[in-house]
Amino acid sequence: LVLQYPAQTSFSGILTQEVQDPDMKPYGRTYIPSSYVKYIESGGGRVIPISSVEFLNGRCLCSLFDRLLLIGGTVDLQTSDFAHAAKIYFRLALKANDVGDYFPIWGTCLGFQLLTVLVAEENLLSKTPAENISLPLNFTSGGAASSRMFEAFPPELLTALSQEALAANFHHFGVTDQMFMRNEKLRSFFSVLSLNKAENGVVFVSTMEGRKYPFYGVQWHPEVNRFQWNPLYSFPHSRNAERMSSLLAEFFVNEGRRSSHHFIQAEEESKELIYNYNPLYVANFTSYEQIYFF
Ligand SMILES: *[C@@H]1O[C@H](CO)[C@@H](O)[C@H](O)[C@H]1NC(C)=O
Ligand SMILES: *[C@@H]1O[C@H](CO)[C@@H](O)[C@H](O)[C@H]1NC(C)=O
Ligand SMILES: *[C@@H]1O[C@H](CO)[C@@H](O)[C@H](O)[C@H]1NC(C)=O
């Protein structure tokens, strides 16, 4: 007899980030672009926004969701509330995983960079500009083929990912492959699955996954392929781009199904879910279509 986790245990925490953009400030103190929420929902998960500010004031929903997503953005990797809250969750996640309580973390773009800072315990970023440019993933030998992240990808889709410009990059900084390989902590913690070349010719790590821990990082943005449409930006929407985005969302949601975290009462659960908030239409003053403000 195989016991299935009940569907209602599938919650993703998404840490909210301080608003930096002056145009967005009137609407809230922290935010989550809707594209990240839709990404999780499209993978079959439900979202709980975790306020980085409330969290630092002692409100911990720690045992109530079964995976954490760290979004992209612009805040400081060491001094922001976002970074402080992520650091505490990161440590809790290490401890949880160490005692067999499976707890995955996914970092996208700034979230990826934050994972490298948390593991290396120092900021190893340097200039790797790739702003508004989509690239094919340069898979490391054996990297994708033996990874968990790309395990469910059909071979022809992996080939497409390595040949077609499907991975949307929006960053100025990153971790170079040389820096990564020189740093013992990073090297022993993460396997590098793909590399890419920045506009200045420097090679940066674009995809990584934890060797032991279920922690995953993409310097690029798989959520934009299906959920961002601003014609001023390079958001690949080909069939292969959408399949790649779907499979990664499903992968991450599925990782959380292995967790045993859950709400004790349905009432408690309903109060925390993203459905208590309405996203705002922001396409006329940001590069996003919709944003949740808190
Ligand atoms: C692809 O990765 C290899 C190392 O695996 C590196 O030598 C090469 O420069 C990379 N090419 C690009 C275009 O990123
Ligand atoms: C982003 O890239 C696309 C595709 O290359 C290009 O058409 C567009 O002008 C760029 N947008 C900005 C704001 O640089
Ligand atoms: C953007 O559009 C919304 C809804 O149409 C409107 O309320 C808001 O004032 C607009 N914002 C700007 C900065 O144009």
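Positions are given from 1, in the same order as the sequence printed here. Each ligand, and each atom within it, is numbered from 1 in the order the structure gives.
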Is the closest basic N to carboxylate O distance between E151 and R148 below 4.0 Å?
-> no
Answer with yes or no whether the side chains of Y275 and R46 bring together a donor and an acceptor at under 3.5 Å. no
Note: L232, heavy atoms under 4.0 Å from ligand 2, region reported as backbone
- Message: Tell me whether the count of non-hydrogen atoms from other residues, nucleotides or ligands lying under 6.0 Å of CZ in R91 goes above 12.
- Response: no
Between F215 and the options N97, L70, V119, L118, the side-chain contact (heavy atoms from CB on, under 4.5 Å) test singles out N97
**Study point:** Under-4.0 Å salt bridge between D177 and K197
**Key:** no
N196 side chain to S206 side chain, donor-acceptor N/O pair below 3.5 angstrom: yes
Nitrogen or oxygen contacts under 3.5 Å, ligand 3 side and protein side:
from	atom 1	to	atom 2	distance (Å)
ligand 3	2 (O)	N284	OD1	3.4
ligand 3	2 (O)	N284	ND2	2.3
ligand 3	11 (N)	N284	ND2	3.1
ligand 3	14 (O)	N284	ND2	3.2

* Say whether N132, considering both its backbone and side-chain N or O atoms, lies within less than 3.5 Å of an N or O atom on ligand 2. => yes
*asked:* Is it the case that the side chain of R211 and the backbone of R187 share a donor-acceptor pair, with hydrogens and angles ignored and the cut-off at 3.5 Å?
replied: yes
